[in-house]
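Here the structure comes first, spelled out in structure tokens, and everything after it is commentary.
None of the values given here were measured: they were computed from a predicted structure.
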Amino acid sequence: MKKTALIFLLLVAIVTGQEKKCSDVVPQQDFQVDLFLGNWYVIQQTKTESRCVKHQITPLEKAGEYRISQVSPHYLLDKLHVQHEHTYAGFLVADSVSPARMTARYALSFGDEAYIIVTTDYDTYAGVLVCGALGPARTATILSRTQSLSEQQLYDIRQKLAGFGVKISDLSTISHKNCPVDGIDGINIKIGHDLLYPDRIRESAEGIFKDIGQAVGGALENGAKFFNGFFNRKSRASRAI
């Protein structure tokens, strides 16, 4: 009983803190969710070393619920130059009164986040502010329908975000050069909805770690073959001299 009560109080504290942190954020007025759906490139984001990040937002069967998928190279596999696709997914639930104010929940995350679209013209750009379930910091994301935005557009969006307490100096620019091509051969890692359901967590997590393990193992094996071949060529060249 005590354990249940403690969990309940923790959840209340998280929700209350989230609402308090985001209460001053004004979402886009007259927001039309249907126009916001589709593919977006992430142009800038708070403190990240990621590259080639894209967001895909699609409707689910229940009205007001959406799937958000972040497609980007996995940091470790990218460093090892392993061909792969990496998708990290979650839910967005739009507020019935103010649909630009959404609740987001991602796989492998703790608690919900407030996902608020503060500015967008739907066809070119969007500025999103996120208040996490824990911690005082607010994070921001600048989205574009193409791989770049003009300096004036970036300035206007950053000023809008700064008005809600976002530190502009914390925004990192995300490169979209030499990005993986969709549908490439290689490992396909999807961290999706299954991890949001307790009865599926174990099976899904095992599959993810197995895929990553195989990819890393393959990269190390290829690296070992490369170095063996390199030193064998050097050895033959030395004997020839």
Side-chain angles (χ1 to χ4, degrees), residues 7-46 53-70 88-145 149 153-154 156-168 170-171 192-193 195-198:
I7 293 174
F8 174 76
L9 291 174
L10 178 61
L11 291 175
V12 170
I14 290 172
V15 173
T16 302
Q18 175 180 301
E19 291 177 350
K20 183 179 180 181
K21 284 187 290 185
C22 294
S23 61
D24 64 316
V25 178
V26 180
Q28 171 99 354
Q29 300 300 306
D30 302 318
F31 182 71
Q32 301 180 58
V33 180
D34 290 344
L35 298 179
F36 185 72
L37 302 178
N39 297 325
W40 292 95
Y41 291 91
V42 179
I43 304 302
Q44 291 189 341
Q45 193 167 0
T46 302
V53 185
K54 294 186 291 184
H55 287 182
Q56 299 171 346
I57 303 174
T58 55
L60 295 173
E61 292 184 2
K62 188 175 180 180
E65 293 187 357
Y66 307 89
R67 172 188 171 94
I68 178 169
S69 300
Q70 176 174 296
Y88 181 60
F91 289 117
L92 289 175
V93 181
D95 184 87
S96 58
V97 177
S98 180
R101 181 183 292 273
M102 301 184 180
T103 299
R105 174 176 289 183
Y106 295 92
L108 302 179
S109 65
F110 181 77
D112 296 337
E113 299 177 344
Y115 182 98
I116 306 170
I117 299 94
V118 299
T119 182
T120 184
D121 69 347
Y122 305 105
D123 296 323
T124 309
Y125 66 84
V128 179
L129 189 145
V130 174
C131 293
L134 298 174
R138 298 179 175 192
T139 61
T141 302
I142 296 177
L143 303 172
S144 172
R145 292 295 190 184
L149 290 171
Q153 288 172 322
L154 284 172
D156 292 341
I157 299 168
R158 287 194 292 250
Q159 291 302 109
K160 185 82 171 182
L161 293 167
F164 299 121
V166 172
K167 291 182 64 177
I168 301 305
D170 287 345
L171 287 173
H193 289 145
L195 289 176
L196 296 173
Y197 299 100

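Looking only at distances, a side-chain donor or acceptor of Thr46 sits under 3.5 Å from a matching main-chain atom of Ala140. Panel note: side chain Tyr66, backbone Val33; no donor-acceptor pair is recorded below 3.5 Å. The backbone N or O of Pro27 sits less than 3.5 Å from a side-chain atom of Gln29, completing a donor-acceptor pair.
In this structure, Met102 and Ile117 have side chains that are in contact, with non-hydrogen atoms separated by less than 4.5 Å. Looking only at side-chain heavy atoms (C-beta outward), Arg145 and Thr124 stay at 4.5 Å or farther from each other. Between Cys22 and Arg101, the closest side-chain pair of non-hydrogen atoms falls below 4.5 Å. Taking the side chain as every heavy atom from C-beta outward, Leu154 and Tyr125 never approach each other to under 4.5 Å. Contact check for Leu149 versus Ile157: side-chain heavy atoms found under the 4.5 Å cut-off. Put simply, the side chain of Leu161 reaches to within 4.5 Å of the side chain of Ile142, judged on heavy atoms. Between Val128 and Trp40 the shortest side-chain heavy-atom distance does not fall below 4.5 Å. You'll find the side chain of Ile68 reaches within 4.5 Å of the side chain of His55, heavy atoms only.
Residues Val130 and Glu113 approach most closely at CG1-OE1, 3.4 Å, considering heavy atoms. The two residues Tyr115 and Ala104 have their closest heavy-atom pair at CB-CB, 4.0 Å. Closest approach of Thr120 to Phe36, counting heavy atoms only: OG1-CD1, 4.2 Å.
Distance CZ/Arg158 to CD1/Ile168: 7.0 Å, rounded to 0.5 Å. We find the CG-CZ distance between Leu92 and Arg67 to be 11.0 Å, quoted to the nearest 0.5 Å. Atoms CG and CG, from Asp123 and Leu35 in turn, are 7.5 Å apart once rounded to the nearest 0.5 Å. Rounding to the nearest 0.5 Å places CD of Gln45 at 8.5 Å from CG of Leu143. Atom CD1 of residue Ile43 and atom CG of residue Leu171 lie 12.0 Å apart, to the nearest 0.5 angstrom. One distance of note links OG of Ser98 with CG of Asp30; it measures 10.0 Å at 0.5 Å rounding.
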*asked:* For a side-chain contact (heavy atoms from CB on, under 4.5 Å) check, start with the C-alpha distance between Leu60 and Phe91, then their side-chain angles and the critical distance, and finish with the verdict.
replied: CA-CA 9 Å; Leu60 295 173; Phe91 289 117; 3.4 Å; yes

*Chi angles and distances behind the side-chain contact (heavy atoms from CB on, under 4.5 Å) call for Gln44, Thr141*: CA-CA 6 Å; Gln44 291 189 341; Thr141 302; over 6 Å; no

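With hydrogens and angles left out, the side-chain atoms of Thr103 and Arg105 include no donor and acceptor closer than 3.5 Å.
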